[in-house]
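Throughout, protein chains are lettered first and strands after them, A, B, ... in sequence-line order, and every chain is numbered starting at 1. Every heavy atom of this structure was used, including side-chain atoms; hydrogens, water molecules and symmetry mates were not.
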There are 2 protein chains.
Amino acid sequence: MPWKGWRRSWRNARPNSGYSMGQAQAKRPTPRAGDATLRGFVGYHVKRAMSVMLADLMRALEPYELRLVTYSALVVIVDNPGLRQAQLADILDIERPNLVQIVDDLEGKGLIRREKVPTDRRAYALMATDRGQEVAGEAGYAIRAAEEQRLVALSDEERREVIRAMNLIERGQGGAKA
Amino acid sequence: MPWKGWRRSWRNARPNSGYSMGQAQAKRPTPRAGDATLRGFVGYHVKRAMSVMLADLMRALEPYELRLVTYSALVVIVDNPGLRQAQLADILDIERPNLVQIVDDLEGKGLIRREKVPTDRRAYALMATDRGQEVAGEAGYAIRAAEEQRLVALSDEERREVIRAMNLIERGQGGAKA
DNA sequence: GAAAATAGATATGATGTATAACTATTATTG
DNA sequence: CAATAATAGTTATACATCATATCTATTTTC
């Protein structure tokens, strides 16, 4: 048990603050090196977790030739037929110029259509095709499965707590003067 | 209060599954559009929270001419004098080729030095300069302040819960077949 | 009707991350 | 000990996500 505890905390070991900086210390790779200071930030933990989840997601989406942003956009369009690009940008917090290529990709793959809006010649109404709806569904299942596997150690209650915390963070006031 | 509750849930409104797909619906922008399906994934919540935290971080680091990866690398080098680049890559989960530019940047700013290793001519021992240690400390305070502001709605206990959950996610088994 | 605002698009740049391949050096193997 | 394999850092390239400025056409505002 004490060994186990020590082993588990290896990555979070204290910085070697007692280390002298002489050349003698450079003879072999720094022992017990770690990211302890960074682990003091909540954001760093979130970043590290996000990295692995993102890799999972990309792998899950690969068979559908979708990525994070294209899948997200597709799902929102499927759920909200007739959506305007500006709305999509707002919903997903994506800059409008960046949406062009995304919408092009989806349209090119036959998953969505840009339809003209008779009452507003500046805009398109984004519609999902039948194929688009199908792909959104299948990809969603794949992501679901990947997420379930990743979150296997978290109870339903813990997941709800995470979601709650993430929402508080998302909706909180910005840190660092803007 | 009921109005307030309705207002708050606008972004998470149900998908308009009852919507017909006729041209008539395209006349005005889709009302009550949202990302409800995506909100069903824990990962999406984490992604959205991560986005705002990352923006905070970039803003906080800007006065120091540092970014996420350069600050992270600097701190790890400060804490672990004599570190090898391969170690740094492992610790931060950064690909070794990507480290070259990062280390170049830090060295160019006078924050770290590459020192030769007499016993291994393939490697460098990365050392932080006095200036590097100073900048790491100051930038750390700035990030701390930004993070405190962002997390103001989370209790200490909730923060610990988040960290715990993120660690479980990070250390869990990968989702989606590799 | 003129000015301001908006929708989507073009162009460009920054940041973070991935892979293949290379030279020099060290470690391993027989 | 020599040949082979592995390693350290580097170069080159590509992909994904996200940001900003600017533009044309259209709609809204005053």
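- Annotation for A:Met127 and A:Gly82: closest pair SD-N, 3.1 Å, computed over non-hydrogen atoms.
- Interatomic distance, CG of A:Asp90 versus CD of A:Gln87, reported as 8.0 Å (0.5 Å rounding).
- Summarising the geometry, the separation between CG on A:Leu88 and P on D:dT17 is reported as 14 Å, rounded to the nearest angstrom.
- The distance from atom CD of A:Gln101 to atom C1' of C:dG8 is 14 Å, rounded to the nearest whole Å.
- Proximity of B:Arg114 to the phosphate of D:dT10: a side-chain N or O atom is located under 4.0 Å from OP1 or OP2.
- Rounded to an integer number of Å, the gap from A:Leu99 CG to D:dA16 P is 16 Å.
- For A:Glu107 and A:Arg113, the salt-bridge test fails: no basic side-chain N is under 4.0 Å from an acidic carboxylate O.
- Rounded to an integer number of Å, the gap from CG of B:Asp56 to P of C:dT15 is 17 Å.
- Partner A:Asn80 forms a side-chain contact (heavy atoms from CB on, under 4.5 Å) with one of A:Val78, A:Leu83, A:Ile77 and no other, that one being A:Leu83.
- Atom CG in B:Asp93 sits about 12 Å away from atom C1' in C:dG16, given to the nearest Å.
- Side-chain N or O atoms of B:Glu158 include one that pairs as donor or acceptor with a backbone N or O of B:Ser155 at under 3.5 Å.
- Taking 4.0 Å as the cut-off between side-chain N and carboxylate O, A:Glu147 and A:Arg150 do not count as a salt-bridged pair.
- Between the C1' atom of C:dT25 and the NZ atom of B:Lys116 lies a distance of 13 Å, rounded to the nearest Å.
- Under 3.5 Å, the side chain of B:Arg121 and the base of C:dT25 form no donor-acceptor pair of N or O atoms.
- Using a cutoff of 4.0 Å between basic side-chain nitrogens and carboxylate oxygens, A:Arg159 and A:Glu148 are scored as salt-bridged.
- Ionic pairing of B:Asp35 and B:Arg48 is present here: one or more N-O contacts between side-chain nitrogen and carboxylate oxygen are shorter than 4.0 angstrom.
- For B:Arg144 (side chain) and A:Gly40 (main-chain N/O), a donor-acceptor pair under 3.5 Å exists by modelled atom type.
- C:dA7 atom P lies 19 Å from atom CD of A:Glu115, rounded to whole Å.
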With 3.5 Å as the limit, what N/O pairs link the protein to nucleotides 20-23 of chain D?
none

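- Of the N and O atoms on the side chains of A:Thr37 and B:Asp79, at least one donor lies less than 3.5 Å from an acceptor on the other residue.
- Contact annotation: A:Lys47 does not reach the phosphate of C:dT15 (side-chain N/O to OP1 or OP2, under 4.0 Å).
- Near-neighbour residues of DNA chain D inside residues 62-76 of chain A, defined by a heavy atom below 4.0 Å, number-ordered: A:Arg67, A:Leu68, A:Val69.
- Between B:Gln85 and the phosphate of D:dT10, there is a side-chain N or O to OP1/OP2 separation shorter than 4.0 Å.
- Across its full length, the helix from C:dG1-D:dC30 to C:dG30-D:dC1 shows an angle of 30° between the axes of its 5 terminal pairs at either end, rounded to 10 degrees.
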(request) I would like to know whether A:Tyr71 and A:Arg67 meet side-chain hydrogen bond (donor to acceptor under 3.5 Å, both in side chains); could you show each step before the answer? (result) CA-CA 6 Å; A:Tyr71 170 73; A:Arg67 305 147 5 230; over 6 Å; no
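- Put simply, CZ on B:Arg84 is 8 Å from P on D:dG9, counting in whole angstrom units.
- When each of A:Met58 and B:Leu83 is assigned the nucleotide of DNA chain D with its nearest heavy atom, B:Leu83 is the one assigned upstream, toward the 5' end.
- For A:Thr70 (side chain) and A:Leu66 (main-chain N/O), no donor-acceptor pair under 3.5 Å exists by modelled atom type.
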